[in-house]
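Below: the structure, in structure tokens.
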Number of protein chains: 2
Amino acid sequence: MDEKEIEDLLQKYYLKDMHYEDGKILGSMYTKPPEIALKAFFKFYQANLGNPGLYKGTVEIEREVVKFLLRLTSGKDDFFGHVVSGGTEANVIALWAAREMGYKRVLATQDAHFSIRKAANLLKLSLENVEIIKGRMSIEDLERKIKGGDIIVATAGTTPLGFIDPIEEIGKICEMHNCFLHVDAAFGGYVIPFLRELGYTNKKFGFDISAVRTITIDPHKMGMAPYPAGGIVSKENIFEKIEIEAPYLMVGKNEGLLGTRQSGSVAAAYAAQLYFGWDGYREIVKKCMENTNYLVKRAREENFEILEMPEMNIVNIKIKNVGKVKKELYARGWGISTNPKYSSLRIVVMPHVTKEIIDEFLGELKNIKKSYGL
Amino acid sequence: MDEKEIEDLLQKYYLKDMHYEDGKILGSMYTKPPEIALKAFFKFYQANLGNPGLYKGTVEIEREVVKFLLRLTSGKDDFFGHVVSGGTEANVIALWAAREMGYKRVLATQDAHFSIRKAANLLKLSLENVEIIKGRMSIEDLERKIKGGDIIVATAGTTPLGFIDPIEEIGKICEMHNCFLHVDAAFGGYVIPFLRELGYTNKKFGFDISAVRTITIDPHKMGMAPYPAGGIVSKENIFEKIEIEAPYLMVGKNEGLLGTRQSGSVAAAYAAQLYFGWDGYREIVKKCMENTNYLVKRAREENFEILEMPEMNIVNIKIKNVGKVKKELYARGWGISTNPKYSSLRIVVMPHVTKEIIDEFLGELKNIKKSYGL
């Protein structure tokens with residue numbers, strides 16, 4: 001087939017997809033990256049950090065990104081880390097390394113990301129649920145259930161609600177019981193440090209809590225980098241626990257979960273962090289929180305009920321018949337997600353979710369409510 | 001930092017990497033994709049098939065790629081499959097699904113890809129080595145070791161040597177013992193069908209062998225697609241064995257290993273297959289095999305020893321002190337890989353490895369041999 005025909009065909013499929021440019025994707029933890037990140041992506045997309053011997057420059061770039069992840073997580077420069085394909089890979093790596101160190105059982109809430117359940121199944125680690133109180137891990141239930149040798153997964157920015165588990169208290173309990181504490185800050189890692197500077201919170205989630213051993217923190221979420229750019233950082237070298245001999249590679253070994261590691265997004269994550277810098281990311285969080293508060297205020301004015309005051313830029317609007325409303329919104333071009341458990345529409349207030357979009361969305365929601373008497 | 005400064009900094013790192021454009025990467029199973037594949041990549045790179053509800057067009061594209069993978073593997077259109085991040089993810093998915101079906105032990109040769117060892121460790125499946133005879137799985141040793149409930153991993157195009165295990169015979173033995181046969185054709189899947197048409201071989205490796213249940217076959221290797229585009233195809237729906245509930249996603253579940261799935265490369269794999277078509281891929285294989293034979297002939301003329309006549313476009317040149325030679329070549333800008341076990345330099349004759357590059361390389365190798373008396 002010639003190039004023109006292929007482009008026409010691709011366009012046909014493209015039009016069936018939803019796009020961030022339209023602003024109507026409200027349920028995703030991703031947003032369009034800045035141009036410079038895309039330039040970096042396209043310059044380095046053929047680098048494969050699965051075979052790092054060939055890509056000395058990209059290896060150095062990865063180290064720079066990891067340094068920034070360590071700054072966000074209150075870690076030290078000589079801690080360890082990798083840019084990986086996303087939060088799932090990062091969580092699997094952390095739990096895999098912990099299993100190799102002898103830890104056997106995972107304790108997490110049901111609001112922990114589904115990749116924790118996936119990792120436990122994959123790794124044949126038993127998994128026990130810790131109860132949730134007001135969307136956060138119950139310290140009392142944790143104290144009841146914890147045993148020596150457990151892996152505790154705390155979440156800094158839960159996927160359904162964007163809430164922060166009480167990680168400082170969890171850390172103290174982990175230390176008393178010699179447990180492994182993994183923090184999933186895939187979303188919150190690029191938000192909480194700035195919430196602190198902006199006065200929204202004083203919570204900690206990172207290596208300044210001494211029990212924390214590993215942290216998931218994804219540049220391709222609030223770090224404004226394109227997929228696939230997840231992150232995993234750790235206090236000790238967890239990667240050598242899971243490395244495998246690969247004699248034909250220049251470096252002779254492979255560490256991490258995947259073999260091939262597309263590295264355009266590693267360079268793009270670097271470009272994004274240079275472009276925004278610490279202060280730029282704070283401005284992004286500031287704007288997202290302003291829009292979050294605007295959404296809460298406007299929704300209440302329209303007599304919608306907010307599940308609980310958001311802790312970061314994720315808002316849940318309680319709705320009867322939430323499945324039906326989701327379908328209606330979807331038919332009208334809105335990429336919305338729901339929390340069936342909380343009977344709520346879940347809006348991630350990413351940078352593309354502007355005040356105009358919020359107004360348009362609430363207008364649509366009002367119409368649906370009226371038509372269906374929901 | 002401003003965009004210009006960032007670009008300058010990226011360029012500094014870029015120059016430290018090796019690049020396919022230089023032609024001197026001889027040890028990689030990747031090559032520069034055609035322009036139209038890159039256009040497709042950049043058009044769809046923000047699609048995330050981890051959340052397929054938003055990307056109906058990309059889902060359809062993925063199905064078209066899978067159809068082509070099924071054609072290459074002699075499968076039927078209603079078989080199952082996904083485009084994933086690479087061979088490692090594909091192999092993990094196959095073995096994970098097999099474990100969920102009750103299979104417990106993996107039998108593979110030491111020349112199986114390292115991701116098989118990785119998957120066995122990850123999944124807590126015991127792993128037993130089957131002996132190798134002339135670079136291929138020993139049928140006798142397999143018969144000695146096989147037990148009901150085993151997972152047999154055969155390779156169609158081994159990573160070190162590019163050899164094809166005797167998969168038809170292995171299949172018969174698997175059927176006698178009710179075993180699960182997974183074929184890793186990550187590299188060979190886009191080569192062997194064309195070797196057959198070109199008269200190089202009459203070997204089978206795919207679903208036309210009735211025992212074959214799952215096959216790994218990677219577009220980002222000989223399919224000329226950019227990273228990350230691996231492939232996993234199966235006769236039954238292995239994906240529902242490992243799916244996980246993900247209520248906040250539009251589709252309510254997540255199947256596969258990763259959460260986020262960057263899908264630019266899915267569109268790019270599609271563009272590449274439309275661009276080349278069946279006949280175009282055959283021409284690529286034809287050219288690569290001509291260059292393979294040229295390399296063998298010229299190397300022998302220069303008194304280098306070839307390990308054994310290559311079965312596909314991977315050539316091993318026996319060298320004393322192979323580690324030292326590799327370092328020397330590397331210092332001179334050659335991205336070469338080695339098989340320490342076979343004391344050989346390993347050259348993957350990808351499309352960028354032309355006759356000119358081969359002559360230049362052998363000249364360099366002769367000089368090194370002379371200087372060091374190797």
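Order of the sequence lines sets the chain letters (A, B, ...), proteins ahead of strands, with each chain counted from 1.
There is no contact between Ser263(A) and chain B, counting heavy-atom distances below 4.5 Å. Heavy-atom distances place both the backbone and the side chain of Ser85(A) under 4.5 Å from chain B. Within the 4.5 angstrom heavy-atom criterion, atoms from both the backbone and the side chain of Lys56(A) approach chain B. With a 4.5 Å cut-off on non-hydrogen atoms, Glu245(B) touches chain A through its backbone and its side chain both. Using a 4.5 Å cut-off between heavy atoms, Phe276(A) does not touch chain B at all. Only the side chain of His113(A) comes within less than 4.5 Å of a heavy atom in chain B; its backbone stays farther off. At a 4.5 Å heavy-atom cutoff, the contact between Pro228(A) and chain B is made by backbone and side-chain atoms alike. Proximity to chain B is limited to the side chain of Leu38(A), based on heavy atoms less than 4.5 angstrom apart.
The side-chain heavy atoms of Leu123(B) and Leu122(A), taken from C-beta on, include a pair separated by under 4.5 Å. Using a 4.5 Å heavy-atom threshold, the side chains of Thr260(A) and Tyr30(B) count as separate.
The side chain to side chain donor-acceptor pair (under 3.5 Å) search around Glu21(B) returns Lys32(B), not counting sequence neighbours.
Between Phe41(A) and the options Phe41(B), Phe42(B), Tyr227(B), a ring-ring contact (aromatic ring centres under 6.0 Å, His included) holds for only Phe41(B).
For the pair Lys43(A) and Tyr14(B), the distance from NZ or CZ to the six-membered ring centre is under 6.0 Å and the angle to the ring normal is within 45 degrees.
Remark: side-chain polar atoms of Asp17(B) are paired, donor with acceptor, to backbone N or O of Thr58(A) under 3.5 angstrom.
Comparing Gly53(B), Gly27(B), Gly50(B) by heavy-atom pairs within less than 4.5 Å of chain A, the highest count is held by Gly53(B). Note: Thr88(B) leads Ile25(B), Leu15(B), Thr88(B) in heavy-atom pairs under 4.5 Å with chain A. For the set Asn51(B), Asn339(B), Asn121(B), Thr338(B), the count of heavy-atom pairs under 4.5 angstrom toward chain A peaks at Asn121(B). Ranked by heavy-atom pairs under 4.5 Å with chain A, the list Arg261(B), Glu243(B), Glu100(B) is led by Glu100(B).
Side chains of Arg117(A) and Asn254(B): no donor on one and acceptor on the other come within 3.5 Å.
Of all residues spanning residues 6-13 of chain A, those with a heavy atom less than 4.5 Å away from chain B's heavy atoms are Ile6(A), Glu7(A), Leu9(A), Leu10(A), Gln11(A), Tyr13(A), arranged by number.
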